[in-house]
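Below is one structure, written out as structure tokens, with a few remarks after it.
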Amino acid sequence: MAAPGPLWPVFVGRSVQWLPTGLLSSSVALFALGPIFGVTWRLPQAMAVFGALVVVWLVTAAVLLERLASVGRRTGSIQFAD
């Protein structure tokens, strides 16, 4: 049982590490494990792929924050100043 109070700090605190670790694990999978399976990267390709990973990371973070704010507005657990 949780203490009385808003739930959003708990959810944000427990899931804030998901986005950076997702970026790190996907980068490791592509760049460190890729050569084991015969995938080779030239520097321009690697930079473009990492840039695409960062864009996906930013879009995912924006969608996550928007959904969190939407749920907070709907449930009244997050108060926004007008």
Side-chain angles (χ1 to χ4, degrees):
M1 177 157 204
L7 290 177
W8 69 269
V10 175
F11 290 131
V12 169
R14 291 187 65 181
S15 61
V16 73
Q17 79 281 1
W18 290 350
L19 293 172
T21 56
L23 181 63
L24 179 65
S25 62
S26 60
S27 298
V28 167
L30 282 171
F31 301 121
L33 298 178
I36 294 171
F37 297 103
V39 177
T40 58
W41 298 98
R42 288 178 285 178
L43 186 59
Q45 290 175 323
M47 290 173 45
V49 168
F50 187 73
L53 286 174
V54 170
V55 168
V56 169
W57 181 77
L58 290 172
V59 169
T60 303
V63 169
L64 177 69
L65 290 174
E66 188 277 327
R67 288 191 178 180
L68 178 65
S70 175
V71 169
R73 279 189 219 103
R74 191 170 49 241
T75 62
S77 62
I78 298 176
Q79 302 295 323
F80 292 96
D82 290 327

Check your understanding: Should Val39 and Phe31 be counted in the same cluster of Ile, Leu, Val, Met, Phe, Trp and Tyr side chains packed under 4.5 Å apart?
Key -> yes

Check your understanding: Is the closest side-chain heavy-atom distance between Leu30 and Phe50 below 4.5 Å?
Key -> no

Exercise for review: Keeping the roles fixed (side chain from Ser70, backbone from Glu66), state whether a donor-acceptor pair exists under 3.5 Å.
Suggested key: no

Practice item. Compare every heavy atom of Leu33 with every heavy atom of Phe37, then report the nearest pair and how far apart it is. Key: CD1-O, 3.3 Å

Revision key, fill the gap. For Ser25 and Gly22 the tightest heavy-atom approach is OG-O, 3.2 Å

Exercise for review: Spell out, yes or no, whether Val28 and Met47 are grouped together once hydrophobic residues are joined by side-chain heavy atoms under 4.5 Å, including indirect joins.
Suggested key: no

Review point. Which pair of heavy atoms, one from Pro20 and one from Trp57, lies closest together, and at what distance?
Key: N-NE1, 3.5 Å

Review point. Under a 4.5 Å side-chain heavy-atom rule over Ile, Leu, Val, Met, Phe, Trp and Tyr, are Val54 and Leu24 clustered together?
Key: no

